[in-house]
There are 2 protein chains.
Amino acid sequence: MKPKAPGPEKRTLPSVGAVSKERLRLWLRILKVSRFVEAELRERLRVEFGSTLPRFDVLAALYRDDTGLRMSELSGVLRVSNGNVTGIVDRLVKDGLIVRVPVEGDRRAMIVRLTNRGRETFAELAAVHEAWVDELLGAIDPDEADHLISLFGTIADRFEDNKTRDVQGGKGAHDGDS
Amino acid sequence: MKPKAPGPEKRTLPSVGAVSKERLRLWLRILKVSRFVEAELRERLRVEFGSTLPRFDVLAALYRDDTGLRMSELSGVLRVSNGNVTGIVDRLVKDGLIVRVPVEGDRRAMIVRLTNRGRETFAELAAVHEAWVDELLGAIDPDEADHLISLFGTIADRFEDNKTRDVQGGKGAHDGDS
DNA sequence: CTCAAAAGCTTTAGGCTTGAAATAATATCG
DNA sequence: CGATATTATTTCAAGCCTAAAGCTTTTGAG
């Protein structure tokens, strides 16, 4: 609970300072909406399918790539830690929705792939999920949606450029919403 | 385990089902941005202050209310489960930033309040936090911010109306971003 | 070839999160 | 008053999440 260094952390602050409050307010609104939508999706996945958002995310990533993904690619695409993916994958394997396949020529690596059952299950889930999102964001009309998509796209891209947060040398071509 | 009803969600739309995809895309963008910002804030809180976002949220809620909040009010304001708050509060108490005070006349209830140290600590944190958010959302200019604040506000309000997710009869006047 | 560095993954410790069950105290109904 | 329902909080089991440490395998410099 102590600032490790009182160091003058002057990070080339953008402009004067009046805008500050506005962006904070905006951030709180964004947070509120995204938490509401997430909570609602999580709840519905739980009640209607006995599943979770992280599981859904993993299945979605694998659904896009029929060849499967390495553990490290998976954690790169989903932007979560390596150890985290291990646990989620363990459970999905136990449920019979995915399999771990050894990689030819590299005994360290593992490729994770959907089983047939996994593919079917996800197809079902994805359709319902899309309908849910459409319903939950129903207040946003098409014009606004378009505007927001491009606006948020620029912000997200800016992050990627600034950070290059790609830890494991992931390919990063599977983000799916680009 | 089965979608109860895929209900034909046809709202006076220009094209048949094209909007659906748009809202899904938008949702993925929102999610991406909010996860990036959250991850960055969490990381900075950890590195610079040895703290976390949930702790910050609790302190923020208490900072607004000098009289303190009951456990149930706290979980209502933060929209997290009761049991969750218990754990976070335990740790903050152990750190000496807040205290649990018995409620006069109701031996079940507890009021949680900032200590002086807690108040000072949070004041520091809040200032830095605001600067971070301003920096992270720097790509959004004031006009857009204004527009987005009101847009997201409508969506958030719609949720509150639709759900009345207020579990413990919370006062709901402390959301702070209204 | 050798062996140290790097890469891929899992394990671990600690914390966050939920829904459900358990505890304890208060309120209400007869 | 006494039994029962409700309310406030904590505890619990299970899962998610991270950073850091550990293990195995591969790579690559000398």
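Note on naming: letters A, B, ... go to the chains in the order of the sequence lines (proteins, then strands), and numbering restarts at 1 for each one.
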Between dT18(C) (P) and E40(A) (CD): distance, integer Å = 14 Å
Is any side-chain heavy atom of R55(A) closer than 4.5 Å to a side-chain heavy atom of F49(A)?
-> no
Could you give the CZ-to-P distance, from R70(B) to dT9(D), as a whole number of Å?
-> 6 Å
Quick note, S81(B) side chain, CB onward, closest among dT9(D), dT18(D), dG19(C) is dG19(C)
L45(A) CG to dG19(C) P: how many Å, rounded?
-> 13 Å
In B/S/- notation, 5' to 3', how is nucleotides 23-28 of chain D contacted by protein heavy atoms closer than 4.0 Å?
-> -BBS--
Are any of the side-chain heavy atoms of R117(A) and L97(A) separated by less than 4.5 Å?
-> yes
With a 4.5 Å limit on heavy-atom distance, are the side chains of I98(B) and L59(B) in contact?
-> yes
May I have the distance from R44(A) (atom CZ) to dT18(C) (atom C1'), rounded to whole angstrom?
-> 18 Å
What pairs of residues pass the ring-ring contact (aromatic ring centres under 6.0 Å, His included) test when at least one of them lies in residues 61-85 of chain B, not counting sequence neighbours?
-> Y63(B)-F122(B)
Side chain R29(A), main chain I149(B), donor-acceptor under 3.5 Å = yes
On DNA chain C, nearest-nucleotide positions of R42(A) versus V85(A): which is more 5'?
-> V85(A)
Hey, which sits more toward the 5' end of DNA chain C by its nearest nucleotide, I88(B) or V103(A)?
-> V103(A)
Which nucleotide in dT18(C), dT10(D), dG19(C) has an atom nearest any side-chain atom of M71(B) | dT10(D)
Between L78(B) (CG) and dT9(D) (P), how many Å, whole number?
-> 14 Å
Are there any protein N/O atoms within less than 3.5 Å of an N/O atom in nucleotides 11-15 of chain C, and if so, which ones and at what distance?
none

Do V133(B) and H129(B) have side-chain heavy atoms sitting under 4.5 Å apart?
-> yes
Select base, sugar-phosphate, or nothing to describe what L53(B) touches, counting heavy atoms under 4.0 Å on all strands.
-> nothing
Tell me the ring-ring contact (aromatic ring centres under 6.0 Å, His included) pairs involving residues 93-119 of chain B, sequence neighbours left out?
-> none
Looking at residues at least two apart in the chain, or sitting in another chain, which of them share a salt bridge (Lys or Arg N to Asp or Glu O under 4.0 Å) with R35(B)?
-> E38(A), D57(A)
Could you tell me the separation between the CZ atom of R79(B) and the C1' atom of dT17(C), rounded to a whole number of Å?
-> 16 Å
Between dC17(D) (C1') and L74(A) (CG): distance, integer Å | 15 Å
Can you name the side-chain hydrogen bond (donor to acceptor under 3.5 Å, both in side chains) partners of R44(A), sequence neighbours left out?
-> E40(A), E135(A)
